[in-house]
Amino acid sequence: MSDTTTPRLQPVVVDPSSSSSTGEDDELLAGLNPEQREAVVYRGQALLIVAGAGSGKTRVLTHRIAGLIKSAEAWPSQILAITFTNKAAAEMRERVGHLLGQVAEGMWISTFHSACVRILRREAENFGFTKSFTIYDSADSRALVKRIIKDLQADTFGFTVSQVTAKISKLKNELADADSYARQANFNDPQEAMFVECFRAYSRALREANAFDFDDLISQTVFLFRAFPQVAEKYQRRFRHILVDEYQDTNHAQYSLIRELTKAPESNELSGLASFGGGGASLTVVGDSDQSIYAFRGADIRNIVEFERDFPGARVVLLEQNYRSTQNILSAANAVISNNFDRKDKKLWTAVGDGEKIVGFTGYSGHDEAQFVADEIAKLHEGGMAYNQIAVFYRTNSQTRALEEIFIRSALPYRVLGGTKFYERAEIKDAMAYLSAVANPFDGLALRRILNTPKRGIGPATETALAAFAERNEISYREAMRRAKELSLGPKVTGAILQLAGLLDDASELVDPARVGGEAPVSEVLQLLMEKSAYVATLRASRDPQDEARAENVEELLAVTKEFNRNNPDGTLLDFLTEVSLVAAVDDLDDSSGTVSLMTLHTAKGLEYDAVFLTGVEEDLLPHRMSAGEPGGPAEERRLFYVGITRARKRLFISLAMTRAQFGETAVAMPSRYLQEIPAELVEWIQSPGMASRGGSDSRALGGGRGGGYGSRFGAGSGSGSASVSSGGSGSPRFGAAGGYGLPPGPPRPKTEWANRVTGQVRDNGDLTLVPGDRIKHADFGEGRVNQVTGEGAKRVAHVNFEAVGAKKLLIKIAPIEKL
DNA sequence: AGGGTAGTGCTTTTT
DNA sequence: GCACTACCCT
């Protein structure tokens with residue numbers, strides 16, 4: 001992460017003949033299929049690689065980058081590659097280095113956020129920030145919004161913290177700021193007026209704290225480029241080849257950033273660098289609209305769908321051959337995703353053969369389901385599969401509880417990705433706040449957090465007095481602390497404040513760039529802070545047994561800083577804070593850990609495992625209750641399901657429960673509508689929803705039968721698991737047009753009630769008639785107006801103009817619409 | 001100022 | 001089931 005201020009402009013491999021010689025090319029193209037080759041060798045301004053799941057896109061990207069460098073078409077420093085996570089970035093950097101035989105210095109391979117931080121730190125002074133700005137993570141944003149809502153008494157308008165943060169975030173992703181939003185806001189609506197107040201206060205607080213939130217990192221970079229063309233030009237000139245992974249998940253701000261970066265530098269001719277081609281950087285984007293799962297966060301699928309319109313003359317390459325999964329898994333994935341209309345048809349295929357069937361299981365409870373997962377994992381492991389090749393996915397983080405309980409009892413080594421992350425723990429946030437307060441003296445949020453942690457007798461009243469004093473005298477919070485004597489507080493409180501201020505000043509001296517011997521290592525700074533503040537000592541002295549674990553966590557953080565110093569000898573405190581702020585859930589993933597990985601479906605994107613367990617495939621969970629009503633919600637949830645399925649290489653297990661605990665209460669759960677979209681012959685149900693409902697009223701189901709339900713009948717020792725199963729596939733009749741579940745083959749074929757109750761999906765609107773002018777509501781597109789109706793009978797098509805998504809054509813008979 | 005307790009409301013996914 | 005808040009007591 002070292003920050004090279006001047007681009008390094010020396011080619012890594014200087015062999016002028018290599019661009020034409022086939023030797024090197026062959027090496028890079030060996031083993032690639034024709035489409036992949038095309039994606040690697042195409043040279044033009046814009047290239048869209050539509051890469052289905054498992055189609056080798058990382059391979060294509062790394063070979064493309066390596067090709068550009070090997071052929072001396074580009075210096076490493078002219079390449080900017082954007083990935084979704086730091087882990088993906090690290091992997092790509094390593095693979096490119098491997099292809100080139102050496103690490104390509106000066107190349108930027110990073111996430112959107114990391115790249116923007118780098119740019120912002122360099123340019124911060126240009127627009128009223130200092131390079132030591134703090135990055136507020138979502139918890140920090142929430143804390144700030146919380147205080148603002150309280151200060152402005154916005155809660156009386158029914159505002160919640162999450163509503164306000166979500167709305168601000170959404171606006172920032174659309175590149176709106178408080179002022180631009182205020183200009184078009186309706187101030188007659190008191191709610192909206194109050195929101196504008198909140199947005200303003202929030203933005204001002206960030207600026208005063210010399211801080212950016214996650215969304216700012218992108219949007220402020222765009223604003224910077226737009227406000228200072230000469231700054232933008234610097235980067236436009238530098239980056240000649242820009243590559244963006246997971247393009248389907250970019251939001252408007254990220255899209256705008258790419259647009260700014262790929263513009264032709266304006267004063268090209270003046271600088272005599274017209275030889276650069278005169279145009280903007282070449283742009284390569286890779287994506288798969290079927291894997292777009294971040295619309296809720298502002299990702300705009302139009303970025304990829306309209307790429308060809310955005311970049312005229314763009315070449316499109318389609319990668320459909322899958323190198324990851326068996327055909328059974330792919331067939332299931334294809335079948336599920338084909339239920340999303342309004343997508344370009346794309347079918348994954350593989351040459352590796354059918355493989356084993358998908359295994360299905362319905363537990364009586366979440367625990368029962370977890371027991372099934374644990375038992376199957378044990379079997380897989382006995383069969384020779386490594387734990388780290390197995391993953392368990394779920395929709396919401398709260399589902400980990402039952403899984404963890406059973407896993408612990410079964411002594412299965414596992415690891416939960418995401419969830420309550422290490423850096424989200426209160427004691428770690430405390431320690432990090434100490435560091436932030438040292439790095440950025442304006443960071444009021446961090447100062448407030450540590451002011452009375454550990455307890456120093458500085459209460460809310462004192463805190464308010466300090467804040468008011470700082471405001472009155474227009475000085476930083478830190479300066480106000482230094483001058484605490486002027487506040488005429490009690491001697492004890494004044495002493496405590498002065499002591500803390502002194503400690504922070506001492507620590508600041510350690511990281512002063514002008515210090516003799518350079519900045520002290522982060523670990524030294526943290527050590528000083530933790531010791532002198534008695535933070536760890538206080539935890540150790542506490543009677544609460546959990547505090548011992550907290551103290552150990554802080555020690556662990558200390559170990560992390562030492563590790564950081566080892567890996568980055570020149571790493572500064574700022575570098576450390578930046579790195580920590582931008583870690584993602586998957587970045588923690590240690591491939592050599594030898595443990596089963598548990599994670600949400602969102603976190604799973606981009607990963608692959610030999611065996612995958614997809615749990616909680618129930619209505620209200622997948623699709624999640626919250627998204628079921630939103631336009632586009634069910635389709636996005638289906639993509640999430642699709643992403644989960646396509647992570648599996650060899651074995652796929654799908655499970656659900658009849659009842660699920662939530663809020664400490666047990667609620668009845670229904671099988672997910674997506675289950676019946678998987679062709680029945682692909683699934684072998686060990687216990688289908690129908691079977692489970694038949695026997696589901698015994699004591700095991702709801703009572704104390706933890707680990708009993710499944711384990712007692714199919715426990716370890718029953719062989720492959722499928723041995724004891726009345727196997728499917730024997731021409732199992734389907735439930736008519738509504739479709740049956742993949743199983744319930746065996747005798748006596750249950751006419752289960754649930755099968756029909758589940759939203760039965762093949763729609764038939766009968767002879768619904770629509771005429772131009774009618775208003776309709778569509779499950780995914782929202783409301784719209786019919787312009788025209790064409791066609792006859794069952795093929796009548798309505799041409800509808802939707803408010804949210806524009807013009808669409810719909811088959812009236814089957815579209816999920818209703819007349820308003 | 002601080003600690004302890006009772007009551008409330010909540011959860012989608014995350015860089 | 002838990003985390004957070006408000007309130008009460010020392």
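Quick note on labels: first sequence line is chain A, next is B, and so on, each numbered from 1.
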A/L217 CG to B/dT15 C1', in whole Å, measures 9 Å
Regarding A/D443 and A/T134, do their side chains bring together a donor and an acceptor under 3.5 Å, going by distance alone? yes
Rounded to the nearest Å, what distance is computed from the CG atom of residue A/N397 to the P atom of nucleotide B/dT11? 14 Å
Within this structure, what is the CD-to-C1' distance between A/Q662 and B/dT11, rounded to whole angstrom? 10 Å
For A/F296 and B/dT13, say yes or no: do the ring centres fall under 5.5 Å of each other while the ring planes differ by less than 30°? yes
Between A/F296 and A/H602, is the gap from one ring center to the other below 6.0 Å? yes
Tell me yes or no: between the side chains of A/D213 and A/Y202, is some donor less than 3.5 Å from an acceptor? yes
A/Q163 CD to B/dC10 C1', straight-line distance once rounded to whole Å: 13 Å
Between B/dT15 atom P and A/I293 atom CD1, what is the distance in whole Å? 11 Å
Here the distance between atom P of B/dT14 and atom CD1 of A/I135, to the nearest Å, is 20 Å
Students often mix this up, so state it plainly: with edges at 30° and 60°, are the rings of A/F407 and A/Y414 parallel, tilted or perpendicular? perpendicular
Scan A/N452 against the nucleic acid and name what it touches under 4.0 Å (heavy atoms): base, sugar-phosphate only, or nothing. sugar-phosphate
C1'-based separation of C/dA6 from B/dT11 [nearest Å]: 22 Å
Is A/F112 touching bases, backbone alone, or none of the nucleic acid, heavy atoms closer than 4.0 Å? nothing
Tell me what A/R401 touches on the nucleic acid: a base, only sugar-phosphate, or nothing, going by heavy atoms under 4.0 Å. sugar-phosphate
For DNA chain B, whose closest nucleotide is more 5', that of A/G457 or that of A/L640? A/G457
Contact class for A/T462 vs. all strands (heavy atom < 4.0 Å): base, sugar-phosphate, or nothing? sugar-phosphate
Are any of A/S398's side-chain N or O atoms less than 4.0 Å away from OP1 or OP2 of C/dG1? no
Could you check how far NZ of A/K146 sits from C1' of B/dG9, rounded to whole Å? 13 Å
Are A/F84 and A/F112 an aromatic pair by the rule of ring centers under 6.0 Å? no
Between C/dC4 and B/dT13, how far apart are the two P atoms, rounded to whole Å? 15 Å
Does any donor-acceptor pair link the side chain of A/H624 with the base of B/dT12 at a separation under 3.5 Å? no
Euclidean distance, atom CZ of residue A/R425 to atom P of C/dA3 [Å, nearest integer]: 11 Å
Minimum-distance nucleotide to A/H602 side chain [options: B/dT15, B/dT14, B/dG3]: B/dT14
